[in-house]
Amino acid sequence: MAMPSEQEMRAARAARDKTYDGRFFVAVITTGVFCRPSCTARAARPENLRFFPDADSAMASGFRPCKRCRPTDIEPELGMLVKIARHIETHADEHLTLGGLAKQAGLSPSHFQRVFKSAFGVSPKAYQDAFRMKRFKVALKKGDDVTGAIFAAGFGSISRVYGEEARNIGMTPKAYRAGGAGETIAHACRDTALGPIIMAATERGVCFVQFGKDAESLLEQLRAEFPKAKLIASAAQDTPELDAWIEALDAHISQGAPRPDLPLDLHGTAFQMMVWRFLLSVREGDLLSYGELAARIEKPKAVRAVASACAANRIVVLVPCHRVLRGNGELGGYRGGVERKRSLLDMERRSAAQME
């Protein structure tokens, strides 16, 4: 979507018009800061204003985000993004373009792509692919043959599943139906400040992270999750990325280092994926209830389903389900144990306080 005219942008900035938020960003050359059009900061001289189509362009030009309106945060646009996500779900079998979705959102394609990925953890295309896989995976689980499941799901051709889209189901279709048969998953364990933890990954990314009492019980959890996959212990010479990833996760848990941003190989139903991807947008130090999470994904009556999706999360810490509490403020359940959940939240509170 093209930016408004300069005259229109100047008028919108002068009026602090929120309807223009996301359509452009305004920077001030004397302060080096850029803002949303609605920012309440003191007005700058007109000759000191510069306009940009998205936050990335402003930052590429050397401007930093305003601390008052926080233009790189997705919170003000989250409601709109959820509506676009619902549109993608209801039109999953159609050809949807980035430009068309961005136009519906009233944003430039690049800005829309950035904020959507920030909110859901994946691009709009990957989100559509994952949701479209829902019927396909259901058909596989029911015992349909792979070819029949492909056409029942509306893909129209076998190549569309075994090509790029196959990566979004994680394992290949046959491997998914057969409990990971034919898949190779590398794993490694570490002792952290919160006890033993295991990380496992396919060639696409991390597929499993859990706490446990010891390495053997953790390996049993992994076997139960992927009973027919080939599991291999990580050796640095064979899987250097996994060793580096689990070291980074250990540093985060034990030393308060930043949470590593690692590639994830998620496996779940469309609803679970929706919940997990929303959790990826919850900032460190922020908390919400199961009811609030359900409302934020526009499923206000699905509180129990949200809680179940959190409980089914196979990638703890990296997909931060520990940031969700019961409606009365109690911690609620956690696969790794309530005390670990409390410790993770305490660590994040301290980290967030240090950043202020």
Side-chain angles (χ1 to χ4, degrees), residues 170-171 179-180 183-268 272 275-276 279-280 282 284-285 287 307-325 330-351:
M171 300 178 178
E183 186 77 11
T184 298
I185 300 177
H187 59 86
C189 294
R190 289 288 185 278
D191 288 323
T192 73
L194 299 182
I197 196 169
I198 188 172
M199 178 184 287
T202 66
E203 63 181 7
R204 292 162 295 279
V206 176
C207 64
F208 191 80
V209 176
Q210 292 295 325
F211 290 104
K213 63 179 182 179
D214 53 44
E216 184 55 36
S217 67
L218 289 169
L219 191 54
E220 284 302 315
Q221 288 188 55
L222 180 62
R223 289 193 188 104
E225 207 68 53
F226 304 106
K228 296 184 179 180
K230 178 183 178 182
L231 305 182
I232 61 171
S234 172
Q237 66 269 22
D238 298 323
T239 52
E241 295 87 356
L242 180 62
D243 277 38
W245 292 349
I246 196 167
E247 291 286 356
L249 182 60
D250 181 18
H252 170 65
I253 295 170
S254 300
Q255 303 168 30
R259 181 170 62 93
D261 184 13
L262 305 179
L264 304 180
D265 190 2
L266 294 169
H267 305 263
Q272 288 173 335
V275 172
W276 298 339
L279 287 174
L280 291 171
V282 179
E284 186 173 292
L287 302 175
S308 296
C310 290
N313 175 25
R314 301 179 184 90
I315 308 178
V316 299
V317 183
L318 297 180
V319 179
C321 57
H322 60 276
R323 296 174 186 165
V324 189
L325 311 179
E330 294 180 356
L331 292 181
Y334 187 59
R335 267 181 95 164
V338 174
E339 287 307 311
R340 286 195 177 103
K341 183 172 184 176
R342 190 191 312 278
S343 297
L344 285 168
L345 293 175
D346 288 344
M347 177 192 70
E348 292 186 350
R349 287 192 192 97
R350 291 192 297 270
S351 178

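The first residue of the sequence shown is numbered 1, and numbering continues consecutively from there.
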Can you sort out the partners of Ala312 under side chain to side chain contact (heavy atoms under 4.5 Å, CB included), two or more places apart, ordered by chain and number? Gln272, Trp276
So do the side chains of Ile253 and Phe211 get within less than 4.5 Å of each other, counting heavy atoms only? yes
Rounded distance (nearest 0.5 Å) linking atom CG of Leu318 with atom CG of Leu280: 9.0 Å
Taking the side chain as everything from C-beta on, heavy atoms only, tell me whether Thr184 gets closer than 4.5 Å to Ile232. yes
Between the CG atom in Leu325 and the CD atom in Glu330, the distance rounded to the nearest 0.5 Å is 10.0 Å
How far does SG of Cys321 sit from CG of Leu344, to the nearest 0.5 angstrom? 9.0 Å
Contact check, side chains of Leu249 and Met199, non-hydrogen atoms, under 4.5 Å: yes
Could you measure the distance from the CG atom of Leu264 to the CZ atom of Phe208? Nearest 0.5 Å is fine. 14.0 Å
Do Asp250 and Ile197 pass the side-chain contact (heavy atoms from CB on, under 4.5 Å) test, and can you show the C-alpha distance, the side-chain angles, and the key distance before you say yes or no? CA-CA 9 Å; Asp250 181 18; Ile197 196 169; over 6 Å; no
Looking at every heavy atom in both Pro260 and His252, which two are closest together, and how far apart are they? CD-CB, 4.0 Å
Which residue pairs pass the side chain to side chain donor-acceptor pair (under 3.5 Å) test with at least one member in residues 185-199, sequence neighbours excluded? Arg190-Glu247
Heavy atoms only: give me the nearest Ser254-Ala193 pair and the separation to one decimal. OG-N, 2.9 Å
Counterpart residues, side-chain hydrogen bond (donor to acceptor under 3.5 Å, both in side chains), relative to Ser308 (two or more places apart): none
Which residue pairs pass the salt bridge (charged side-chain N to carboxylate O under 4.0 Å, His left out) test when at least one of the two sits in residues 209-222, sequence neighbours left out? Glu216-Arg223, Glu220-Arg223
What distance do Gln210 atom CD and Cys189 atom SG have between them, rounded to the nearest 0.5 Å? 11.5 Å
Residue pairs, two or more places apart or on separate chains, that pass salt bridge (charged side-chain N to carboxylate O under 4.0 Å, His left out) and touch residues 307-325: Glu225-Arg314, Arg323-Glu348
Taking all heavy atoms of Ala200 and all of Leu222, pick out the closest pair and write down the distance. CB-CD1, 3.8 Å
Does anything in residues 338-347 pair up under salt bridge (charged side-chain N to carboxylate O under 4.0 Å, His left out), and if so which pairs, sequence neighbours excluded? Glu339-Arg342, Asp346-Arg349
side-chain contact (heavy atoms from CB on, under 4.5 Å) for Gln221 and Ile198? Distances and angles first, verdict last. CA-CA 9 Å; Gln221 288 188 55; Ile198 188 172; over 6 Å; no
Please examine the side chains of Leu345 and Leu331, heavy atoms only from C-beta on, and report whether any two atoms are closer than 4.5 Å. yes
How far apart are the closest heavy atoms of Gly205 and Asp265, and which atoms are they? O-CB, 3.6 Å
Is there a side-chain contact between Asn313 and Leu279, using heavy atoms and a 4.5 Å cut-off? no
Closest heavy-atom contact between Cys207 and Ile185? SG-CG2, 4.0 Å
First locate atom CG of Leu231, then atom CG of Leu219, and finally report the distance between them rounded to the nearest 0.5 Å. 6.5 Å
